[in-house]
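The sequence lines fix the lettering, A, B, ..., with proteins before strands; numbering per chain opens at 1. These numbers come from the heavy atoms of this one structure, side chains and all, not from hydrogens, waters or symmetry mates. Please read all numbers here as calculations on a predicted model, not as lab measurements.
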Amino acid sequence: MDNFNQTPEVSNAETFEFTGNGWEYFKIWIVNLLLTIITFGIYGAWAKVRTNRYFYGNTKLNSKSFDYLATPIMILKGRIIAVGVLILVSVLNQFYPIAGIGLMLLLACAFPWVLWRSIKFNLRMTSYRNVRFAFKGELGRMYWIMFINFLFPIVIAGLVGGVLYFLNGFDTDEMLAKNSSIMLMAFIITAYILFPFIQKLFSEYYLSHAAFGQGQFNTHLSTWHFYKPYLIVVISSILIMSAFALVTVLVKDNSAIKALMMSFEPQHGAPPDVGKILPFILGIYAFMILLFIWLNAFIRVKIRDHIMPNTHLDNSLSFLSKMTVGSLTLLNITNLLILVFTLGLGMAWVAVRSARYEINHTSVYSHGDLSEYVNEQLEHQNSLGDELGEAFDIDMDLAV
Amino acid sequence: MIKAQGEYYPKDSAACQQVCLQFQGDDYYLLINDSVFEQGQTDQLIITDRVGNIPRRVQLNNGGEFSTEDNDAIDLALKGTSKQKKSLNLLHNLESHWGWISASVVFCIVFVVLTVGWGIPAASSWVAMKLPASVAQKLGDGSLETMDKLWLKPTKIDETKQAEITQRFNELRQQLSAFDSAIKDYNFNLHFREMRSLPNAFALPSGDVIVTDELVKISQNQHQLDSILLHEIAHVVHRHSMKQAVRGAAFTILLSLYLGDVSGVAEMLIAIPVLLMESSYSREHETESDEYALKMMIEMGIDPIHFADIMNAMTRSIEKKRASEKDSSNEKITLENKSKDNEEQQDLDKVFDYFSSHPITETRIDKAKELSIKFRSEQCKLMNRKDVNLLLLTKHCMTKENNNL
């Protein structure tokens with residue numbers, strides 16, 4: 001029997017609610033921007049705390065809001081350390097390149113640890129009705145996931161290299177260049193093929209070890225349900241590209257198209273006239289952007305639809321996603337238009353709309369009483385993990 | 001007395017009760033069902049900053065927490081207390097004051113415009129010029145090979161002619177190095193190619209300059225070709241391609257940082273603004289190269305009119321080629337339509353000028369003609385002086401002869 005995607009028995013259904021609005025957030029956002037610029041980024045720590053407090057504080061379940069508990073000083077400390085490490089790496093690279101490379105390798109090995117600390121920090125700084133969340137996952141598992149993520153494609157690329165060496169040899173420069181690019185392709189293709197699996201591993205790891213007070217989250221995910229949406233997207237893309245190619249072949253001999261193509265050439269000793277190319281390029285871009293948004297929405301909704309119903313808090317709470325591909329696509333398209341027509345100033349409204357959509361389309365089904373949960377005592381964790389993660393641009397994508 | 005309704009959570013518990021927090025004088029009183037449950041001094045309370053209208057949390061003496069939606073009541077209660085408490089709301093006051101909001105909007109817009117309009121381009125140019133010439137060399141490596149595969153064909157110009165032009169090219173470089181010492185840093189190479197019977201020339205950052213067969217054909221004298229070669233040399237010396245690359249990268253990174261991962265299309269969206277910016281900068285590059293070429297021509301004593309002439313020749317040649325291609329597709333163009341097309345074309349040209357990567361050819365030709373007039377009048381002045389001296393000398397000789405006679 002298929003245990004997945006079953007709607008849990010409905011007892012008490014509650015939908016999350018987002019109570020913020022664009023104007024209110026815009027005021028916070030623009031002052032954040034002003035002060036961050038003036039202070040060369042130092043105010044950024046305060047800006048981050050205010051932003052998160054605004055979004056968490058306006059997220060309500062059962063009329064009670066969430067809280068973001070980190071203080072600006074915590075964030076600032078972490079950022080200062082991150083910048084310090086960056087400077088150290090730059091200086092070393094300049095004067096002692098070998099040491100510089102060594103340090104960078106060390107940082108690469110520390111990356112899973114930083115990510116792990118980041119997750120722990122963020123969850124511990126989140127609370128609902130005075131009870132904090134927590135993350136209890138083991139560091140070893142994080143390393144294992146990262147290992148598969150990075151080293152597996154390297155191994156495959158190495159194997160491909162071995163085969164090539166056997167077939168062609170690496171003697172000439174040309175052979176070396178050709179073989180290297182094939183190996184690189186192998187690496188990239190393997191990484192892409194692996195991606196949904198890594199996403200599943202990571203989601204599982206994160207959700208199975210998240211805790212709310214004394215309660216433990218648990219989840220049961222299927223790898224196939226992660227691959228399915230991506231496969232559909234890839235096949236659709238191939239079909240669409242083929243349709244395009246077909247159209248191109250059919251109109252190749254059309255004189256109007258030929259005249260159009262001529263205008264793309266370099267003229268009068270200058271680069272091609274962008275003025276003539278622009279409408280053409282814009283048209284193609286517009287189509288690709290719409291397609292891209294739609295495909296992205298498709299993947300996000302399908303994966304969310306799989307993760308949420310299969311995630312529970314102890315045996316008391318289950319979750320449900322009410323997002324649809326159509327409405328999410330529409331949201332993202334309108335967000336994009338807002339950004340374009342406000343030349344980026346509309347960012348605040350875009351953030352609020354996205355949050356409102358996501359939060360208002362998530363529901364909780366409960367059997368017991370939330371109030372029973374009590375805060376669990378955790379050892380004091382500093383903010384190091386969180387901000388190191390940020391400075392080196394680590395993005396955590398849970399697709400939820 | 002100030003009252004605020006809200007919820008009370010005992011320490012480390014999620015159970016809550018509806019309560020009322022009252023402020024009177026310097027004290028606070030927590031009332032549950034109208035009986036005082038907890039009290040203390042307002043100064044002892046730890047209150048969170050106000051952010052918009054999110055619930056305000058107040059930590060009481062006993063470690064319990066009071067949470068209320070009534071931010072205004074809390075603000076009022078804080079008004080009477082010590083300065084320390086008042087500063088909690090500084091940020092919220094900034095965020096509520098329309099004056100500050102407007103100032104912030106103006107400041108941010110000005111900052112962005114300055115950074116994008118001046119800061120980044122200036123920094124990119126500086127970086128591009130500071131890099132050693134060998135980096136520029138590497139940038140162009142392989143480009144010519146790619147172009148040979150895609151649109152260029154081997155030249156049909158005979159070897160003696162090629163040698164002649166290459167000789168002239170090297171002469172120009174020699175002469176230029178007197179006016180611009182940077183020339184010596186680059187390894188220039190002149191190449192000849194056939195490109196679909198169109199006249200054209202371009203330069204790669206590596207110092208490779210390519211001229212097409214048709215361009216050589218339509219140039220009526222050496223100086224016309226000179227002006228084109230000088231223009232291309234200018235591109236290399238000013239490192240236009242490198243500046244473009246650095247600038248494009250800088251814009252892309254900044255835009256990415258700002259947009260984050262908003263609609264999931266940030267990556268695609270970024271290319272368009274970057275492309276738009278780059279096309280207007282390309283125009284500047286072209287103008288800069290024109291100015292360099294014209295300036296050097298004047299320094300070397302070559303009439304700028306030759307630049308105008310070759311531009312005209314190229315325009316005629318390209319239009320002829322376009323017309324012949326249209327004919328070969330069996331499209332009938334009546335005379336009326338043709339003149340209408342030209343007008344429309346000129347209007348379209350003007351509209352696209354902003355988006356265009358090269359300044360309109362008319363403008364370039366006019367500029368060259370202007371400088372030519374100046375050049376000639378300068379020459380005339382010089383000639384006149386020479387002529388006067390010659391006249392005086394002749395007169396002197398003649399007088400002398402007369403005297404001898």
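Side-chain contact between B:L94 and A:L35 is present, with at least one heavy-atom pair separated by less than 4.5 Å. Looking at heavy atoms from C-beta onward, A:I38 lies in side-chain contact with B:F107 at the 4.5 angstrom threshold. The side-chain heavy atoms of B:E95 and A:I30, taken from C-beta on, include no pair separated by under 4.5 Å. Between B:H92 and A:I28, every side-chain heavy-atom pair lies at or beyond the 4.5 Å cut-off. Between B:V105 and A:F26, the closest side-chain pair of non-hydrogen atoms falls below 4.5 Å.
For a residue to count as touching a neighbouring chain, one of its non-hydrogen atoms must lie under 4.5 Å from one of that chain's; by this rule A:Y43 touches chain B with the side chain only. Interface remark: B:I109 contributes side-chain atoms only to the contact with chain A (heavy atom separation under 4.5 Å).
Of the listed residues A:L33, A:L345, A:T19, A:D67, the one with more heavy-atom pairs under 4.5 angstrom with chain B than any other is A:D67. Your options are B:S317, B:C108, B:S67, B:S96, and the one with the most heavy-atom pairs under 4.5 Å with chain A is B:C108.
Between B:P55 and A:G57, the closest heavy-atom pair is CD-O, 3.6 Å. B:I54 and A:Y54 make their closest contact through CG2-O, 3.8 Å (heavy atoms, listed as atom of the first residue, atom of the second, distance). Nearest heavy atom pair, residue A:L69 against residue B:R57, reads CD2-NH2, 3.6 Å.
Here the CD-OG distance, from B:E7 to A:S63, works out to 8.5 Å after rounding to the nearest 0.5 Å. Rounded to the nearest 0.5 Å, atoms OG (B:S104) and NZ (A:K27) are 12.0 Å apart. Atoms CZ and CG, from B:F111 and A:L34 in turn, are 10.5 Å apart once rounded to the nearest 0.5 Å.
In this structure, the side chain of A:R50 does not engage the main chain of B:L91 through any donor-acceptor pair within 3.5 Å.
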